[in-house]
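Single-structure report; data block below.
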Amino acid sequence: MRLLLAIFLPFVVFFTIGRPIAGIICLILQITLIGWLPAALWAVYALSQYNTDKKIAASRQV
C-alpha cells in the first residue's frame with residue numbers, strides 16, 4: 001500500500017514513515033509536474049530504506 005502511495009502521492013509516504021520535514025520538501029518538489037518523477041523516486045527509495053531499517057532492528061532484538 002505504501003508503495004502505491006510512493007508512486008501517486010510521494011509526500012504522504014514521508015509522513016507515514018515518520019519524516020515530516022522530508023514530506024514537506026517532497027511536497028514542494030511534487031508541486032511542479034517535472035518534480036513529480038524525482039519526488040516519486042525519492043519516496044520509493046526512502047520507503048525501501050525504512051523497510052530495511054525495520055528488518056535490521058528486528059533482527060537485533062532476537
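Note: hydrogens, waters and symmetry copies are ignored here, and every other heavy atom, side chains too, is used. These numbers were taken from a predicted model, which means no experiment stands behind them.
- Using a 4.5 Å heavy-atom cutoff, the side chains of Ile25 and Trp42 are in contact.
- Here Tyr50 contributes atom OH and Thr16 contributes atom OG1; the two are 7.5 Å apart, rounded to the nearest 0.5 Å.
- If you take CD1 on Ile17 and CG on Leu5, they are separated by 11.5 Å, rounding to the nearest 0.5 Å.
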Inset, instruction - Show your reasoning for whether side-chain contact (heavy atoms from CB on, under 4.5 Å) applies to Val13 and Arg19. - result: CA-CA 9 Å; Val13 172; Arg19 297 180 60 193; over 6 Å; no
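- Here Leu29 contributes atom CG and Ile34 contributes atom CD1; the two are 10.5 Å apart, rounded to the nearest 0.5 Å.
- The structure places CZ of Arg2 at 12.5 Å from OG of Ser48, a figure rounded to the nearest 0.5 Å.
- Residues Leu27 and Trp36 do not share a hydrophobic cluster, defined by chaining ILVMFWY side chains whose heavy atoms lie under 4.5 Å apart.
- With values rounded to the nearest 0.5 angstrom, Leu9 atom CG is found 6.0 Å from Gln30 atom CD.
- Phe15 has its side chain within reach of Ile24: a pair of non-hydrogen atoms, C-beta onward, lies under 4.5 Å apart.
- The minimum heavy-atom distance between Pro10 and Phe14, with the atom names listed, is O-CD1, 3.6 Å.
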